[in-house]
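I have placed the structure first, in the form of structure tokens, so that the comments after it can refer back to it.
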Number of protein chains: 4
Amino acid sequence: MAQPRTLNVAMIGYGFMGRAHSNAFHQATRFFDLPFRLRLKTICGRNQENLDRMAHQWGWEETATSWEDVVNRKDIDIVDICTPNYLHEPIAVAAAKAGKMVLCEKPLANSVAEAERMTEAARNVPTLVWFNYRRVPAVTLARQLVEQGKVGEIHHYRALYLQSWGRDPADPVAWRFNPKEAGSGVLGDLLSHSLDLATWLNGPIRELCAHVRTFAEGRQVDDAVTVMAQFSNGSIGTFEATRFATGNLNRNCFEINGSKGSIEFNLEKMNHLTVFDMGDDVPVRGGHHILATGPGHPYVGDFWPPGHIIGYEHTFIATLVDFLRAVAAGEQFHPNFEDALETQRILDAVQESNRRRDWVRTKR
Amino acid sequence: MAQPRTLNVAMIGYGFMGRAHSNAFHQATRFFDLPFRLRLKTICGRNQENLDRMAHQWGWEETATSWEDVVNRKDIDIVDICTPNYLHEPIAVAAAKAGKMVLCEKPLANSVAEAERMTEAARNVPTLVWFNYRRVPAVTLARQLVEQGKVGEIHHYRALYLQSWGRDPADPVAWRFNPKEAGSGVLGDLLSHSLDLATWLNGPIRELCAHVRTFAEGRQVDDAVTVMAQFSNGSIGTFEATRFATGNLNRNCFEINGSKGSIEFNLEKMNHLTVFDMGDDVPVRGGHHILATGPGHPYVGDFWPPGHIIGYEHTFIATLVDFLRAVAAGEQFHPNFEDALETQRILDAVQESNRRRDWVRTKR
Amino acid sequence: MAQPRTLNVAMIGYGFMGRAHSNAFHQATRFFDLPFRLRLKTICGRNQENLDRMAHQWGWEETATSWEDVVNRKDIDIVDICTPNYLHEPIAVAAAKAGKMVLCEKPLANSVAEAERMTEAARNVPTLVWFNYRRVPAVTLARQLVEQGKVGEIHHYRALYLQSWGRDPADPVAWRFNPKEAGSGVLGDLLSHSLDLATWLNGPIRELCAHVRTFAEGRQVDDAVTVMAQFSNGSIGTFEATRFATGNLNRNCFEINGSKGSIEFNLEKMNHLTVFDMGDDVPVRGGHHILATGPGHPYVGDFWPPGHIIGYEHTFIATLVDFLRAVAAGEQFHPNFEDALETQRILDAVQESNRRRDWVRTKR
Amino acid sequence: MAQPRTLNVAMIGYGFMGRAHSNAFHQATRFFDLPFRLRLKTICGRNQENLDRMAHQWGWEETATSWEDVVNRKDIDIVDICTPNYLHEPIAVAAAKAGKMVLCEKPLANSVAEAERMTEAARNVPTLVWFNYRRVPAVTLARQLVEQGKVGEIHHYRALYLQSWGRDPADPVAWRFNPKEAGSGVLGDLLSHSLDLATWLNGPIRELCAHVRTFAEGRQVDDAVTVMAQFSNGSIGTFEATRFATGNLNRNCFEINGSKGSIEFNLEKMNHLTVFDMGDDVPVRGGHHILATGPGHPYVGDFWPPGHIIGYEHTFIATLVDFLRAVAAGEQFHPNFEDALETQRILDAVQESNRRRDWVRTKR
């Protein structure tokens with residue numbers, strides 16, 4: 001067997017997501033047979049002490065403080081961006097122009113204009129946006145069931161993304177409350193995840209009406225949003241994202257109701273999927289509570305035997321695995337910049353709808 | 001102990017609700033010590049054969065086919081209306097004018113105008129509207145916790161009422177699909193329940209934006225509705241009601257998130273309430289799964305010992321018990337016609353919002 | 001249609017079970033079309049004041065204080081026994097000798113000898129023992145699935161009956177702690193229910209080994225019991241019953257694992273049944289969470305539409321309905337005295353096994 | 001900060017557990033600040049091709065085929081044993097005699113005699129037995145609550161370990177069905193885990209009575225076991241372990257009932273713990289459903305923020321972390337060989353009890 005080619009990775013940023021990505025770069029080749037080897041070449045940030053600690057802890061070979069230099073290095077194949085949102089665009093554009101594969105945290109950008117420039121610049125390089133929840137095995141299973149027609153014609157899609165840390169002013173992730181750096185509050189942070197899943201599972205959103213709220217006094221980004229949506233396939237949807245849902249730590253959940261069946265998912269029990277099948281005999285009809293750890297479920301066969309659950313970080317691993325395989329096969333990976341641009345446009349429609357207090361058609 | 005006075009009851013209509021009400025008239029005095037005895041005097045409807053069978057089965061002393069006669073009989077104290085919706089108004093107005101106590105199925109009417117005439121006519125008689133879910137013990141417990149400040153300042157209220165029988169054209173309850181008789185589809189049938197609970201638990205709705213849909217071809221009433229709402233107390237809400245949520249038989253559920261705690265309820269597990277309390281020690285914080293069958297829970301002490309669950313019909317019994325006690329005490333019972341008129345106004349705002357595709361202020 | 005014959009009922013005893021039975025006598029003919037009408041003729045007990053209140057509240061025509069007189073009255077057709085356990089035998093034997101149909105609370109008796117005399121005396125009259133949980137619709141559904149072979153060859157049966165009121169010395173049901181009156185603690189009160197269900201669902205128990213414990217100082221009846229069992233069909237089982245399982249109000253639950261599927265039931269969610277089916281497609285295999293309120297489920301069609309749950313008391317109604325139908329058809333009802341005698345023999349084996357600290361074969 | 005000393009690891013065996021251990025050796029120093037660095041020096045087994053693949057995939061520097069050589073190498077600090085059970089003893093004894101730290105998969109051995117020799121030989125070296133489930137954060141939380149007296153005096157302990165792959169003759173892990181290699185079936189594989197947790201959470205087992213069964217024709221190891229136990233603290237317990245519980249993939253669960261509270265855990269939802277607290281106000285008493293991902297929970301602070309669940313493999317990481325910290329601090333780690341010897345003695349008592357069909361005192 002030929003030795004797989006090694007790709008050198010540079011990661012810009014080193015916060016919570018920096019850890020999740022570093023982990024994925026190490027673990028992908030451990031659990032999966034991949035067409036590439038990965039080398040954690042350089043980690044880039046502004047604070048040398050933090051960089052050193054992170055490099056040491058997570059096995060990055062070098063540190064760097066100028067992303068401009070890094071993205072132009074000849075020996076770098078992949079640039080992975082996990083900075084605060086406002087830096088996504090300049091870094092991604094530069095990296096793409098330098099011909100690198102570009103991986104970027106979600107949301108893609110702080111505006112449609114930024115996202116368009118990024119997509120345009122990256123037209124000829126492989127891109128990935130870390131909407132990692134598509135690769136929760138239970139969620140991928142949901143997508144497979146929808147594609148196989150198991151839920152039939154879809155009438156309803158409802159999604160919640162509920163967290164509860166918004167009240168605390170001492171929250172360390174200060175940039176997330178800075179409108180210049182984060183662009184928005186829950187819109188980019190939470191709602192974007194729900195929208196990415198919704199359009200992947202149920203297709204485009206044609207029109208929507210949204211209500212955005214900030215509860216915390218003096219805060220300059222949104223704390224909560226509710227959305228009513230009309231999908232192109234005729235189904236209707238609702239979305240809610242908030243950091244003020246006391247008692248909910250990370251309840252990213254969705255439900256799909258169709259003519260033949262229904263599906264329910266909740267990230268807090270991410271190894272489970274509930275599937276209702278109208279095809280079951282009448283007396284035993286009831287949501288199947290599936291422990292989606294195999295057999296017959298995506299990704300998990302490469303992790304552990306059935307019944308041994310996986311955690312949050314494995315979604316990053318599976319995302320990276322699919323990306324590398326797509327690159328090797330010369331195929332498009334999804335969600336890429338183009339897909340994330342669509343989500344950005346929906347986020348834009350959400351803000352416009354809230355501003356105008358009216359229904360808004362999403363642009364395509 | 002003085003013998004309690006006997007009240008003679010006349011019931012107009014005898015469908016599904018006729019059975020639920022008949023049961024309540026019998027059972028209320030069995031389980032509870034009440035200030036009145038009830039006599040199931042006469043049952044009124046159009047089909048003599050059905051009437052006879054119903055009277056026989058459920059212990060009504062007489063049958064009648066003219067509600068106009070019945071509501072004017074001297075020996076009748078209580079008129080209970082469980083006809084199709086369009087008959088609520090004429091019967092209630094006549095009964096109220098004749099000085100009867102008037103009990104009426106929900107929704108109160110098919111329009112605000114009807115509801116206003118009913119409320120006006122009944123200004124001086126005791127009234128009850130069968131929004132029975134307020135008296136689910138777990139729901140009453142939720143109300144008590146809100147009143148005691150256990151959830152603190154409320155930020156979010158979300159409610160679903162999901163059923164799944166809408167697709168079936170052979171459904172026997174044909175009048176529910178006739179816009180003249182039912183007035184609406186899920187709006188009056190399901191959403192009205194959610195709105196009654198929401199305003200009881202979380203106060204008035206100031207403004208809303210709604211999306212109404214009919215999925216079944218040729219159907220003249222609505223099949224589904226989604227609503228975004230702004231409550232007067234500053235919290236925001238979402239509502240969804242549908243007969244197309246495959247896999248959900250009767251999922252009337254709500255969640256409340258406040259600064260101090262959260263509450264979750266689901267009618268399909270109506271003996272349970274989930275309560276999250278920020279006051280718990282950090283490591284053991286988590287939704288309390290309460291089996292609301294006592295001790296310390298409303299109503300259930302008069303039914304069975306703790307751990308012995310009650311069913312759907314008990315909510316009608318508890319509603320009637322509270323009504324009779326309020327009458328004996330000379331106090332207002334809730335929800336009465338006035339309360340239900342408010343709900344009718346919100347339903348009206350829902351329809352107007354959907355028509356105008358805009359936010360609408362609810363009238364008061 | 002011919003008028004159904006009326007059966008006159010005499011009930012001996014009027015505690016918690018007296019209310020449950022009275023309710024069933026009233027409600028059975030309301031919800032179900034039955035071959036008999038029931039007349040609540042006389043209620044018999046020792047305390048006249050309590051009797052009067054109970055008769056008034058629950059609609060008994062007369063009261064009586066001598067059960068010897070009552071069971072010999074010509075106008076009585078059914079004698080229903082809900083006294084403390086030690087009185088079951090003399091009353092049942094006398095009633096049977098007088099040719100009455102005999103209904104008796106569980107456990108049938110305080111000893112096998114008593115139970116044998118009762119069964120012998122009642123050989124020629126219809127009998128019923130109120131092991132009411134067989135008629136939880138979800139439990140009857142479980143039985144149907146087992147009978148249809150849906151779980152295949154059974155390997156495991158495990159049952160718990162967990163309550164938590166045993167610690168409280170102020171408990172009002174004092175006779176339950178009196179060994180002369182109650183015969184045992186959890187053995188007769190809780191374990192008997194589990195054993196009745198187990199033998200109904202999984203067939204006879206051939207051999208067992210038991211461990212009985214009293215936790216409360218000075219108490220003369222058992223507080224807890226664990227049992228290992230070998231069923232005749234080759235499966236193995238475990239049982240546990242206790243009044244010291246803090247946090248569990250009435251968790252009467254069982255699980256069955258077979259070669260083709262599994263079943264789980266919990267009385268605290270008595271309208272639900274979980275069914276695992278090896279026949280499902282591999283990726284969607286998972287316990288079906290069935291809301292056993294119809295369609296396709298036993299009994300519930302005569303109560304309320306699908307999705308409207310029933311409560312504890314409905315199990316007594318359904319039990320009575322099946323009894324009356326069996327009487328009309330001239331068929332054996334189950335569980336009758338003979339069935340309950342078998343359970344009594346297993347209870348006896350439990351005590352013997354605990355005494356001898358050894359495995360014991362159950363006698364048949 | 002001084003550079004932490006590097007420990008060289010040799011791993012003997014490379015199956016399912018080999019992957020889990022390799023992962024832990026890599027990940028421990030990534031997620032946690034540790035007093036040692038680990039070097040994955042050599043992996044030892046019998047099949048060179050498999051060894052090469054494993055070494056390549058999981059980053060072992062060298063391969064070896066003679067464990068006798070490996071355990072005596074000067075440059076090896078830690079010997080980790082994940083071979084079939086029958087090899088635990090010779091390897092562990094040799095490694096301990098060579099002065100290595102010895103890590104060993106569970107069960108410690110195939111007999112008490114073997115386990116005693118191992119414990120004796122390893123008296124002066126740090127040892128670890130991979131009863132990894134103690135370090136599920138939710139389980140460690142359970143232990144903390146017990147230690148803090150939150151459950152009060154314990155009356156009941158019940159444990160299940162249910163799997164369902166026993167029927168399949170084509171199962172690849174053939175050695176697990178070979179009595180010479182595995183020593184037993186579910187006893188060593190599953191029950192040992194339950195016993196380790198039980199004695200850790202609830203103290204020693206004084207006496208037990210067990211029932212062991214083989215369902216599969218011709219199989220020479222046990223398929224299922226049930227146990228009744230008497231703990232030294234006065235509580236009683238039940239255990240069941242089986243590979244024939246259709247529908248259960250990996251349900252390792254336990255419940256503890258005490259005078260002040262209760263605890264429930266299920267490995268299939270390993271990030272959750274249910275805690276019932278008698279100290280809660282009566283109306284809101286109910287099991288707290290805790291998502292044990294922080295704040296306030298062990299280990300998880302070093303993994304991901306609250307609400308981001310961890311998986312099966314993290315229990316190995318946490319186990320290793322505690323071991324390395326104990327070594328650095330010169331403290332005893334638990335569970336070590338001595339602890340696992342106690343579990344071996346209970347397994348022995350289980351077999352003796354089954355053979356003699358009698359209660360057996362556990363030796364200490």
Side-chain angles (χ1 to χ4, degrees), chain B residues 1 3-4 15-17 19-20 22-23 26-27 29-34 37 53-54 56-59 136 162-165 168 171-173 247-252 267-272 288-295 300 302-315 317, chain C residues 1 3-4 15-17 19-20 22-23 26-27 29-34 37 53-54 56-59 136 162-165 168 171-173 247-252 267-272 288-295 300 302-315 317:
Chain B
M1 148 180 107
Q3 197 62 6
F16 166 23
M17 281 305 111
R19 296 175 82 227
S22 297
N23 184 70
H26 280 298
Q27 298 286 75
T29 56
R30 299 250 155 80
F31 285 105
F32 293 81
D33 275 318
L34 289 181
R37 305 297 290 178
R53 193 172 48 230
M54 185 80 184
H56 179 74
Q57 193 96 354
W58 283 95
V136 173
L162 307 184
Q163 295 187 342
S164 50
W165 53 281
D168 191 350
D171 194 281
V173 199
N248 297 279
L249 290 174
N250 202 16
R251 186 162 144 221
N252 174 5
L267 184 63
E268 291 186 359
K269 297 179 183 172
M270 66 171 251
N271 290 268
H272 289 78
H288 303 206
H289 283 221
I290 302 162
L291 186 57
T293 56
V300 291
D302 287 277
F303 290 119
W304 307 111
H308 296 77
I309 76 166
I310 61 167
Y312 167 70
E313 71 212 48
H314 295 76
T315 59
I317 299 172
Chain C
M1 149 178 105
Q3 196 63 7
F16 167 22
M17 281 305 111
R19 296 175 82 226
S22 297
N23 184 70
H26 280 297
Q27 299 287 76
T29 55
R30 299 252 154 78
F31 286 104
F32 293 81
D33 276 317
L34 289 181
R37 305 298 289 178
R53 194 174 45 232
M54 185 79 185
H56 179 72
Q57 194 95 354
W58 284 95
V136 173
L162 308 184
Q163 296 188 341
S164 52
W165 54 280
D168 192 351
D171 195 281
V173 198
N248 297 280
L249 290 174
N250 203 16
R251 188 163 141 219
N252 175 4
L267 184 63
E268 291 187 0
K269 297 180 182 172
M270 66 171 250
N271 290 268
H272 290 77
H288 303 206
H289 284 223
I290 302 162
L291 186 56
T293 57
V300 291
D302 286 277
F303 289 121
W304 308 110
H308 296 78
I309 75 167
I310 60 167
Y312 167 70
E313 72 213 49
H314 296 76
T315 58
I317 299 172

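Computation of the quantities below employed the complete heavy-atom set of this structure, encompassing side-chain atoms and omitting hydrogens, waters and symmetry-equivalent molecules. Proteins get letters first, then strands, A, B, ... in listed order; numbering begins at 1 in each.
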Open item on the list: Quick check on the 6.0 Å ring-centre criterion: do B:Tyr312 and C:His314 meet it?
Closed with: no

Nearest 0.5 Å, what's the [atom1]-[atom2] distance between [X] and [Y]?
X: C:Lys269; Y: B:His272; atom1: NZ; atom2: NE2; value: 5.0 Å
X: B:Ile309; Y: C:Ile309; atom1: CD1; atom2: CD1; value: 4.5 Å
X: B:Asn23; Y: C:His26; atom1: CG; atom2: NE2; value: 12.0 Å

Go through the atoms of [X] and report whether side chain, backbone, both or neither lie under 4.5 Å from a heavy atom of chain B.
X: C:Phe303; result: backbone
X: C:Leu291; result: both
X: C:Arg37; result: side chain
X: C:Ser22; result: neither

TODO: Check each atom of B:Ser164 against the heavy atoms of chain C and say whether the ones under 4.5 Å are side chain, backbone, both or neither.
DONE: neither

TODO: Examine whether an atom of B:Phe31 lies under 4.5 Å from a heavy atom of chain C, and if so say whether it belongs to the side chain, the backbone or both; otherwise answer neither.
DONE: both

Task: Audit row: C:Gln27, B:Gln27, side chain to side chain contact (heavy atoms under 4.5 Å, CB included) steps and yes/no - done: CA-CA 9 Å; C:Gln27 299 287 76; B:Gln27 298 286 75; 3.1 Å; yes

Open item on the list: Under a 3.5 Å cutoff, is there a donor and acceptor pairing between the side chains of C:Glu268 and B:Asn271?
Closed with: no

TODO: Could you tell me how the ring of C:Phe16 sits relative to the ring of B:Trp304: parallel (under 30°), tilted (30 to 60°) or perpendicular (over 60°)?
DONE: tilted

Open item on the list: Looking at every non-hydrogen atom in both residues, tell me the closest pair between C:Gly307 and B:Leu249 and how far apart they are.
Closed with: CA-CB, 3.7 Å

Task: side chain to side chain contact (heavy atoms under 4.5 Å, CB included) between C:Gln57 and B:Asp33, worked out - done: CA-CA 8 Å; C:Gln57 194 95 354; B:Asp33 275 318; 3.4 Å; yes

